[in-house]
Amino acid sequence: MISQFKICKVFNAGCGYEKPLSRYSSVRIVCFQHSESVERGKQCVRKSVETSSSVAASRFSRGAKMEAQVALFDYLYCTRGFHYLDAEQISKNSPHFVQNLLCKVDSEEDVSRALAKFFRYNPINEFEPFLESLGLSPSELEHLLPRDLFFLGDDHILLENFHVLCEYGIPQSKIGKMFKEANEIFRYEYRILAMKLGTYEELGLSRPTVIKLVTCCPSLLVGDVQFVQVFQKLKQLGFGTDWIRDNLSDSKTYDWNRMLDTINFLADVGYNDIQMGLLFQTSPLLLFEGSGKRLYIMVCGLIKLGLEMSEVYSLFSENPQLLSAKYALNLAKAVSFMSEIGMETEAIAKVVTDQVHLLGSHPLKGPRTVLKSLEVDKATLCHIIKEDTSKLISLASKVASVKQTKLQNPSNFLEKTNFLLSLGYLENTEEMAKAWKEFRGRGDQLQERFDCLVQAGLDCSVVSSMIRHAPSVLNQSKEVLIEKIDCLRSYLGYTPESIVTFPSYLCYDIGRIKLRLSMYAWLRKQGASKPNITVSTLLVSSDARFVKYFVNIHPEGPVMWEFFRKLLHVG
């Protein structure tokens, strides 16, 4: 009995006993007793069900799923001798497998007992819940399950390498991707995997960077030597490990060989270290978005237009955003547009170099649509664009409403344009076109409303920032704006600066404002509410929440709430 007690004490150390084992100790003990740790395990599993991944809709109740998870934990931990945390991880994160287990149960009345009986006579393929708990979907498991193994404990090499990855700090939900993309990682003999991880740290990479790298590119642990050359090149250009880590994404894969080719290509065409470093610094997407593929497409396209490499470099250095997906797509469509209407290559190159920023910023209509709306032929349109390269944007851009306003009322167009320019919008941009729709009214009306906010005590630059975040503020009359600002002073004694971070205050209904502020002002006088609560807290919440957290905190609150509603005629 004493020896049995000692064994159980060591095994249960991970649940809070005196001398905890390493999480992934190789000790394997089969225990058929329901010890205190098992009960703790059941409680942990039940609690974790509340926050675990949602399971696809099925005929089984939530309680049945919970009991099935507990039964699976019980089987793995007590019957099969899994480590406590391994059993918990698997039972918590294999919802599809749990659902399949429930299909084996005839009734939901006693799931635990039914599954315990099922496990007794029907051992499960333990690789299924294990791999699902690592982030793999059931559809991915079919080709990944070993054909000649049934029990997870029989694959000691797999478990050893899995534990090495966990101990290193790699999230278990990311290990499934590694298993799928580079299964060789899990066939390494003892200590080989740990040594490979350590090798990357010896290069000067921090552990968080190594974790990000191997989860994004599992092949790095198999033999992707090109990364080392890329890393050394980037170090030579002055980039640190944090810069690399910050530009990696778990949802993407990377071709380090192509990245190396990209760096070498730039060097071959004349980029020195300073120029290349500046290019990568201003546009990391050059390397990390498509592993340099976009660069090849862009450069080849520009060279085909007849641009010299020095001109290409200038375009990239002055407009690094050209490598973003949106800009690249718009530019490609613009080139295609000019080609379709019959412009010569040299003429297209001139338009691109002159108007590259606008071409990348604006999506263009199709050539047929533009020719039909302008009632001109291709040759005439080509001539117009050659005479003034900016005409391509003004004639073919999808921004139509501004152009129509300009034609219908030049005076109103000029006034409103000048007002929007004063706010910092750029002419002939999508942002300007969007602002035209959001700011309703004539230019003089918008300026008058703007001025009334400045006269209320707000700095001019602050007002500009506020209304750019909430354009509908200026879609109200001057009188309404003044009334809402006065409410802050008269009801609460707040200054206009109190809404700088919450400009949407000026967009709320005046009745709602007066009712909420009146109620809060009364509560402050009664000492029932905290002083200086932000305006956003008072207005954003629904009526039900406001009543719960403000009205009902005072015995007379509900009576006063109804009094204010009737007084202010608020429904």
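Heavy atoms only: backbone and side chains are in, while hydrogens, waters and symmetry mates are out.
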Can I get a per-line list of side-chain donor-acceptor pairs under 3.5 Å for residues 174-183, giving both atom names and the distance, sequence neighbours left out?
unit_1 : atom_1 : unit_2 : atom_2 : d
Lys174 : NZ     : Asp250 : OD2    : 3.3
Lys177 : NZ     : Thr215 : O      : 3.3
Lys177 : NZ     : Cys216 : O      : 3.4
Lys177 : NZ     : Asp250 : O      : 3.1
Lys180 : NZ     : Glu140 : OE2    : 2.5

Next on the checklist: My understanding is that only residues two or more places apart in sequence, or in another chain, count here; which of them pass side-chain contact (heavy atoms from CB on, under 4.5 Å) with Arg545?
Outcome noted: Ser541, Ser542, Tyr549
Checklist entry - Ignoring hydrogens and geometry, is there a side-chain-to-backbone donor-acceptor pair from His554 to Val551 under 3.5 Å? => result no
Checklist entry - Where does the angle between the aromatic ring planes of Tyr508 and Phe502 fall among parallel (under 30°), tilted (30 to 60°) and perpendicular (over 60°)? => result tilted
Item to check | Steps toward salt bridge (charged side-chain N to carboxylate O under 4.0 Å, His left out) verdict (Asp543, Lys548) | outcome: CA-CA 9 Å; Asp543 283 343; Lys548 179 179 179 180; over 6 Å; no
Checklist entry - Which atom pair, heavy atoms only, marks the closest approach of Ala68 to Leu102? => result CB-CD2, 3.8 Å
Item to check | Nearest atoms (heavy-atom pairs only) where Tyr254 meets Asn247 | outcome: OH-O, 3.9 Å
Next on the checklist: Tell me every residue that passes side-chain hydrogen bond (donor to acceptor under 3.5 Å, both in side chains) with Asp155, counting only those two or more places apart in sequence or in another chain.
Outcome noted: Arg187
Checklist entry - Do the side chains of Lys365 and Phe337 get nearer than 4.5 Å, heavy atoms only? => result no
Checklist entry - How many angstroms lie between atom NZ of Lys530 and atom CD1 of Ile533, to the nearest 0.5 angstrom? => result 7.0 Å
Next on the checklist: side-chain contact (heavy atoms from CB on, under 4.5 Å) for Leu72 and Ile124? Distances and angles first, verdict last.
Outcome noted: CA-CA 10 Å; Leu72 179 58; Ile124 61 174; 3.9 Å; yes
Next on the checklist: Using every non-hydrogen atom in the two residues, find where Leu237 and Met276 come nearest and quote the distance to one decimal.
Outcome noted: CD1-SD, 4.0 Å
Checklist entry - So, Ser361 versus Tyr327: side-chain donor-acceptor pair below 3.5 Å or not? => result yes
Next on the checklist: For a side-chain contact (heavy atoms from CB on, under 4.5 Å) check, start with the C-alpha distance between Gln281 and Trp243, then their side-chain angles and the critical distance, and finish with the verdict.
Outcome noted: CA-CA 9 Å; Gln281 183 65 49; Trp243 183 82; 4.2 Å; yes
Checklist entry - Would Phe73 and Phe82 count as a close aromatic pair, with their ring centres under 6.0 Å? => result no
Checklist entry - So Leu193 and Phe186, side-chain contact (heavy atoms from CB on, under 4.5 Å) or not? Walk me through it. => result CA-CA 8 Å; Leu193 181 56; Phe186 298 86; over 6 Å; no
Checklist outcome for this item: Pro218 and Ile185 have their tightest heavy-atom pair at O-CD1, 3.5 Å
Checklist outcome for this item: Here the pair of heavy atoms bringing Ile553 nearest to Ser529 is CD1-CB, 4.3 Å
Next on the checklist: Looking at every non-hydrogen atom in both residues, tell me the closest pair between Phe231 and Leu203 and how far apart they are.
Outcome noted: CE2-O, 3.5 Å
Item to check | With Tyr75 via ring pair (Phe, Tyr, Trp, His ring centres under 6.0 Å) - residues at least two apart | outcome: Phe119
Next on the checklist: Measuring from atom NE2 of His83 to atom CD1 of Ile90, what distance do you get when rounded to the nearest 0.5 angstrom?
Outcome noted: 12.0 Å
Checklist entry - So Asp261 and Arg258, salt bridge (charged side-chain N to carboxylate O under 4.0 Å, His left out) or not? Walk me through it. => result CA-CA 5 Å; Asp261 288 344; Arg258 186 190 292 163; over 6 Å; no
Checklist entry - Under 6.0 Å between the ring centres of Phe546 and Trp561? => result yes
Next on the checklist: Using 0.5 Å steps for rounding, measure from the CD1 atom of Ile211 to the CG atom of Leu205.
Outcome noted: 12.0 Å
Checklist entry - Going from CD on Gln232 to CD1 on Ile263, what distance comes out if it is rounded to the nearest 0.5 angstrom? => result 11.0 Å
Checklist entry - Of Thr241, Asp246, Leu248, Val214, which meets side-chain contact (heavy atoms from CB on, under 4.5 Å) against Thr209? => result Thr241
Item to check | Value rounded to 0.5 Å, distance of CG in Leu523 from OH in Tyr520 | outcome: 8.5 Å
Checklist entry - Do Phe130 and Gln89 come close enough that some side-chain heavy atom pair is under 4.5 Å? => result no
Item to check | Distance (rounded to the nearest 0.5 Å) between Leu538 CG and Phe550 CZ | outcome: 5.0 Å
Checklist entry - Quick check: does any side chain N or O of Asn161 sit under 3.5 Å from a backbone N or O of Tyr188, one acting as donor and the other as acceptor? => result yes
Checklist entry - Under 3.5 Å, is there a donor-acceptor pair linking the side chains of Glu132 and Asn93? => result no
Next on the checklist: Could you check whether atom OH of Tyr190 has more than 12 heavy atoms from other residues, nucleotides or ligands sitting under 6.0 Å from it?
Outcome noted: no
Checklist entry - Among all residues two or more places apart in sequence or in another chain, which pass the side-chain hydrogen bond (donor to acceptor under 3.5 Å, both in side chains) test with Thr537? => result Thr534
Checklist entry - Going by an N to O cut-off under 4.0 Å, is there a salt bridge joining Arg80 and Asp86? => result no
Next on the checklist: Strictly by salt bridge (charged side-chain N to carboxylate O under 4.0 Å, His left out), give each pair with a member in residues 192-203 just once, sequence neighbours left out.
Outcome noted: Glu201-Arg207
Next on the checklist: Any side-chain to backbone donor/acceptor pair from Arg512 onto Leu539? Under 3.5 Å, distance only.
Outcome noted: yes
